[in-house]
Amino acid sequence: MELASKYDPRAVEEKWYNFWLEKKLFHSEPDNRVPYTIVIPPPNVTGVLHMGHMLNNTIQDVLVRRARMMGRNACWVPGTDHASIATEAKVVKSLAEKGIKKHDLSREQFLEHAWEWTHKHGGIILQQLRTLGASCDWDRTAFTMDETRSESVTKVFVDLYNKGLIYRGLRMINWDPKALTALSTEEVVYKEERSKLYYLKYYLADGENVDVEPLATDDREGNIVHKDEKGYYAVVATTRPETIMGDTAMCVNPKDPKNQWLRGHHVIVPLVGRKVRVIEDRYVDIEFGTGCLKVTPAHDVNDYNLGKTHNLETIDIFNADGTISEQSPLYVGMDRFACRKQIAKDLDAAGLMEKVEDYTNKVGYSERNPDTAIEPRLSLQWFVKMQHFADIALPPVMNGEIKFYPEKYKNTYRQWLENIQDWCISRQLWWGHRIPAYYYPSQNPDDTENFVVAETAEKALELARQKTGNTNLQASDLKQEECALDTWFSSWLWPISLFDGINNPGNKEIEYYYPTVDLITAPDIIFFWVARMIMAGEEYLHKVPFRNVYFTGVVRDKLGRKMSKSLGNSPDPIELMAQYGADGVRMGMLLTAPAGNDILFDEKICEQGRNFSNKLWNALRLITGWQVDKGDDSNNQATKQPSNEMAVEWMEQRMAQVLEGIEKDFEQYRLSEALMASYKLAWDDFCSWYLEMVKPAYGTPIDRETYDATISIFNRLMLILHPFMPFVTEEIWHALQTIGKDDEQAAFINANYSIMNQHLPTSVFYDQRTLDDCDTAREMIAGVRNIRNTRGLSPKEQLELFVVCGEGKMPNNRFDGIVCKLGNVSIIQYVDSKVEGAISFMVGTTECFVPLKQNIDVEAERKKLEDDLRYAEGFLASVMKKLGNEKFVNGAPEKVVAVERQKKADAEQKIAALKSQLENLK
RNA sequence: GGAAGUUUAGCUCAGCCGGUUCAGAGCACUUGCCUUACAAGCAAGGGGUCACUGGUUCGAAUCCAGUAACUUCCACCA
């Protein structure tokens with residue numbers, strides 16, 4: 001079999017993914033093994049794969065594949081989220097392009113379009129995950145709006161309503177004037193903005209007067225009264241002058257000395273001409289602006305509260321879309337921002353603007369519509385009472401039943417739960433789960449409680465008849481709530497609803513797969529999703545939904561900027577995988593991704609992954625090219641080198657040692673470290689050292705035993721690497737399984753076995769002495785190579801090596817064969833004392849000499865020795881200082897002192913050796 | 001305004017329950033090599049006052065306090 005010198009991932013990756021699918025190797029059914037469950041954070045159904053998904057899903061796949069290879073029944077459940085706001089916005093936009101307005105359609109018609117859109121664009125992302133190698137159980141693919149999940153949502157809504165945990169009420173909510181829906185507080189992101197602070201004149205109402213004279217300057221205590229030719233006036237600072245049409249009061253702090261003169265008066269809202277009271281409330285910050293606050297109860301949360309306390313009128317001057325409403329006396333129909341500009345001009349023209357200052361404040365935007373400033377709006381919405389949920393969700397995280405990686409998010413989590421606000425769950429959207437509330441006709445137009453909540457219309461009718469006492473009510477009299485639910489109201493059930501644990505409690509699957517083990521997600525949805533899943537889990541199963549939460553970082557570009565479409569700094573993952581192979585990209589992602597840290601992604605890192613695949617591939621090429629001693633054929637009989645035996649022994653020990661580290665890394669979710677350790681084990685230890693140790697000379701065969709050992713080691717390396725790089729390892733593993741097999745056997749193996757359900761090697765006891773001895777040998781080899789390198793000697797020129805071995809000491813020569821082979825040393829001799837006319841180097845405290853035929857550059861040697869000597873003497877001095885310190889000798893533990901004494905002895909020995917070598921040069 | 005985190009080599013990070021010659025890794029870099037597995041490679045190298053200041057200690061990258069810079073979360077004073 002002739003293998004190409006470059007590994008080509010394309011064909012290989014497709015081949016094996018299809019093989020895995022065909023063999024249903026990702027599929028899981030409950031059995032008697034220990035389950036390992038992960039539920040995917042469902043991506044938007046119409047979304048496409050971005051680098052964040054790549055990172056997140058690579059990590060999940062690594063964990064799932066590893067668990068599977070550890071003999072657990074691994075089940076990774078995939079699915080998508082209906083993402084109500086985002087998807088509805090996309091559908092509305094696409095309809096608009098066809099000239100169709102959403103509200104020209106009925107709900108049913110719109111939903112038809114939405115489903116069509118979903119079917120057309122939906123699931124692309126799941127296809128893309130296959131390219132990545134994700135080993136999801138695709139048979140279980142779910143959708144937050146499929147039947148099972150929808151039923152669960154309805155059921156939970158009804159249940160929580162009946163428990164009194166869901167209510168409907170008039171509240172100040174966050175309104176998205178573009179999507180035309182309410183949002184939860186979590187869906188508002190605040191952005192700092194440069195804006196203006198407008199100072200407006202509110203003249204005292206006609207006929208009112210004050211008996212205070214204006215002061216000439218503002219820097220005196222006492223009333224600061226403004227007066228001009230038109231009369232007395234107060235100055236109000238605002239960033240939103242367009243809301244003055246909704247002003248129904250002005251407020252001052254009763255303790256504010258500047259504004260005492262305004263108490264009890266009325267002022268005239270500029271331009272509007274409305275006469276409003278001056279109210280007093282300690283809420284007002286005396287230091288801000290002039291200490292006078294305009295009060296617009298309809299358009300600001302705090303003002304709304306003031307309105308309630310002081311019994312103020314509420315004038316809603318905005319339409320749902322952010323234009324000025326009929327309730328306003330002016331500017332009706334104008335957009336809020338256009339209005340702001342206009343009103344500023346008009347105020348100025350009317351002489352009602354005292355001044356305008358530059359000002360920086362924070363403005364809330366919709367998380368899903370980042371261009372739309374949200375508007376506080378008074379509105380009847382549905383809410384979940386959250387205190388109860390906070391109470392049940394806090395303990396499992398605080399007491400470690402659920403572990404967060406990194407741990408710092410515990411704080412964030414606690415902080416949020418301790419200041420929890422009720423969750424606004426109704427959205428004025430059609431794409432989503434329709435709220436199962438049904439309104440019956442009511443005589444009283446102000447009645448907001450004329451509804452019942454039930455899972456079906458039939459049950460609702462029954463309830464409505466009971467509630468109203470009107471047995472004549474007909475199904476047609478009931479109208480279902482138009483609003484849909486927040487997307488997260490379905491996502492929070494995800495780990496339960498995926499196993500049908502809401503509709504069918506106690507079923508075999510939920511009992512087996514729940515709780516899941518690991519959740520891999522981004523920290524920005526800790527409140528949206530992570531916290532709420534814990535709440536739902538505790539509420540419905542009295543069990544946490546997962547044991548560990550691994551928070552990935554944000555994927556940024558190499559300059560640390562967030563990846564975004566507008567910056568164009570986000571590589572297309574599919575293209576990346578085409579270029580570097582899925583394995584290469586996976587490795588690139590993981591290498592830069594310690595838990596919780598943002599990752600600065602540079603495409604170049606994928607090269608490292610690709611190169612690594614290629615390295616492994618070439619190791620395979622090397623091994624498959626070897627001729628093996630057939631044993632019975634005397635012409636082809638390879639004698640087993642003792643060095644080969646040592647090589648195998650060392651490699652086995654080394655692998656056991658590294659495995660121990662990898663296991664620890666996984667326990668602590670240090671995936672990039674585990675990968676790096678595996679990488680070095682394969683590249684450095686196996687390829688650079690081990691294979692060079694056992695590699696037969698050109699044209700000569702390798703002995704059977706070493707060959708088998710090599711295959712076995714290579715095999716295990718593939719197993720270790722498989723979770724990280726599933727494709728190349730499967731390919732090589734198969735090649736290794738089929739070496740020496742006839743075509744039929746090979747075909748059988750290829751068709752029936754996969755690396756992915758082999759058992760992962762585990763760490764075993766290893767002999768540290770073997771590892772140390774080999775390290776010494778490797779240092780000797782490096783020393784010899786260094787001599788060649790610095791003196792321009794060919795690697796082909798054989799050298800001799802003399803090692804000083806103290807009298808009576810046994811030379812440590814187990815790896816001599818290897819030193820000879822890799823250092824191209826003809827002979828190693830152990831001697832009692834220094835060798836004349838040779839280059840020296842030290843390995844630890846051992847002196848090594850390499851005689852050279854050519855002349856030695858005495859000056860250069862001297863300089864080098866002197867440098868070493870200086871360093872050793874400095875080192876000795878510092879050790880001596882420590883040992884001379886009585887407090888140290890008495891205070892430090894015996895072990896530490898002993899170490900220092902050993903250091904002293906070593907240093908002295910080294911110094912003596914260096915000195916004698918220097919002497920030698922003369 | 002409140003809280004948390006970060007600061008170690010050119011870059012990205014590990015080390016941080018104080019004590020191995022402790023200052024590390026990968027990449028990048030330098031030098032020399034197309035040595036029949038691999039130039040997507042091989043070999044050998046260079047490189048850091050562990051942000052700063054002080055303290056605790058026989059001993060500090062590691063513990064404590066403060067300072068500075070950056071990041072994130074929460075709050076939302078118009």
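Protein chains get the first letters and strands the later ones, always in sequence-line order, with residue 1 at the start of each. All values below were derived from every heavy atom in this structure, side-chain atoms included, with hydrogens, water molecules and symmetry-related copies excluded. What you are looking at is a predicted structure, and each value in this text was computed from that prediction instead of being measured.
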*asked:* So for atom CE, which belongs to A:Met386, do other residues, nucleotides or ligands contribute more than 12 heavy atoms lying within a distance under 6.0 Å?
replied: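 Above 12, so yes.
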Describe the nucleic acid contact of [X] in one word from base, sugar-phosphate, nothing, applying a heavy-atom distance below 4.0 Å.
X        : value
A:Arg788 : nothing
A:Phe527 : sugar-phosphate
A:Leu600 : sugar-phosphate
A:Ser688 : sugar-phosphate
A:Glu607 : nothing
A:Lys680 : sugar-phosphate
A:Cys251 : nothing
A:Ala907 : nothing

Under 4.0 Å from OP1 or OP2 of [N]: is there any side-chain N or O of [X] that close?
X        : N     : value
A:Tyr679 : B:C27 : yes
A:Lys558 : B:C11 : no
A:Asn789 : B:G45 : no
A:Arg556 : B:U12 : no
A:Asn786 : B:A43 : no
A:Lys615 : B:C42 : yes
A:Arg785 : B:A44 : yes
A:Trp683 : B:C42 : yes
A:Tyr359 : B:A78 : yes

Just the table, please: protein N/O against nucleotides 58-61 of chain B N/O, every pair under 3.5 Å.
from: B:C58; atom 1: O2'; to: A:Asn885; atom 2: ND2; distance (Å): 2.8

*For the rings on A:Phe551 and A:Tyr409, is their centre-to-centre separation under 6.0 Å?*
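Ring-ring flag for A:Phe551/A:Tyr409: true, centres closer than 6.0 Å.
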When rounded to the nearest Å, what value does the distance between [atom1] atoms of [N] and [M] take?
N     : M     : atom1 : answer
B:G45 : B:A4  : C1'   : 42 Å
B:A39 : B:G48 : P     : 34 Å
B:C64 : B:U57 : C1'   : 12 Å
B:G26 : B:A65 : C1'   : 36 Å
B:A78 : B:A68 : P     : 26 Å
B:G5  : B:C17 : P     : 14 Å
B:U31 : B:A37 : C1'   : 25 Å
B:C42 : B:A61 : P     : 36 Å

*Between CE on residue A:Met250 and CG on residue A:Leu200, distance to nearest 0.5 Å*: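 Rounded to the nearest 0.5 Å, the CE-CG separation comes out at 11.5 Å.
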*Does the salt bridge (Lys or Arg N to Asp or Glu O under 4.0 Å) test come out yes or no for A:Lys410 and A:Glu407, once each step is laid out?*
CA-CA 6 Å; A:Lys410 260 172 100 166; A:Glu407 216 184 340; 3.8 Å; yes
_On RNA chain B, compare the nucleotides closest to A:Lys695 and A:Arg670; which residue's is nearer the 5' end?_
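Of the two residues, A:Arg670 wins.
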*Closest-nucleotide 5' rank along RNA chain B - winner of A:Asn411 and A:Gln421*: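 On the 5' side of the pair lies A:Asn411.
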Rounded to whole angstroms, how far apart are [atom1] on [X] and [atom2] on [N]?
X        : N     : atom1 : atom2 : answer
A:Glu673 : B:C13 : CD    : P     : 13 Å
A:Asn824 : B:A44 : CG    : C1'   : 16 Å
A:Lys604 : B:G10 : NZ    : P     : 17 Å
A:Gln415 : B:U72 : CD    : P     : 16 Å
A:Lys408 : B:U71 : NZ    : P     : 14 Å
A:Arg621 : B:U36 : CZ    : C1'   : 9 Å

*Return yes if some donor-acceptor pair links the side-chain N/O of A:Asn890 with the main-chain N/O of A:Glu886 below 3.5 Å, else return no.*
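Flag set: sc A:Asn890 to bb A:Glu886 pair under 3.5 Å.
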*Backbone N or O of A:Trp689 within a donor-acceptor pair of the A:Asp684 side chain at under 3.5 Å?*
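Not at all, since once roles are kept as given, no pair shorter than 3.5 Å links the two residues.
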*Treat a base pair as Watson-Crick or G-U wobble with both distances under 3.5 Å, then lay out RNA chain B in dot-bracket form, 5' to 3', with | for cross-strand pairs.*
(((((((..((((.....[....)))).(((((.......))))).....(((((..]....))))))))))))....
*Of A:Lys882, A:Lys895, A:Lys881, which meets salt bridge (charged side-chain N to carboxylate O under 4.0 Å, His left out) against A:Glu900?*
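In the set A:Lys882, A:Lys895, A:Lys881, the residue that makes a salt bridge (charged side-chain N to carboxylate O under 4.0 Å, His left out) with A:Glu900 is A:Lys882.
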_Options B:C73, B:C27, B:A78, nucleotide nearest the side-chain atoms of A:Gln608_ =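 The listed nucleotide nearest to A:Gln608's side chain is B:C27.
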Between [X] and [Y], is any side-chain donor less than 3.5 angstrom from a side-chain acceptor?
X        : Y        : answer
A:Asp247 : A:Tyr202 : yes
A:Gln415 : A:Asn411 : no
A:Thr314 : A:Tyr304 : no
A:Ser195 : A:Asn361 : yes
A:Thr776 : A:Glu779 : no

_Does A:Lys362 qualify as a cation-pi partner of A:Tyr190, given the criterion of NZ or CZ under 6.0 Å from the six-membered ring centre and within 45 degrees of its axis?_
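So A:Lys362 doesn't make the cation-pi contact.
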*asked:* I'd like to know if A:Glu692 reaches the base of B:A37 with its side chain, counting only an N/O donor and acceptor under 3.5 Å.
replied: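 Such a pair is found, so the answer is yes.
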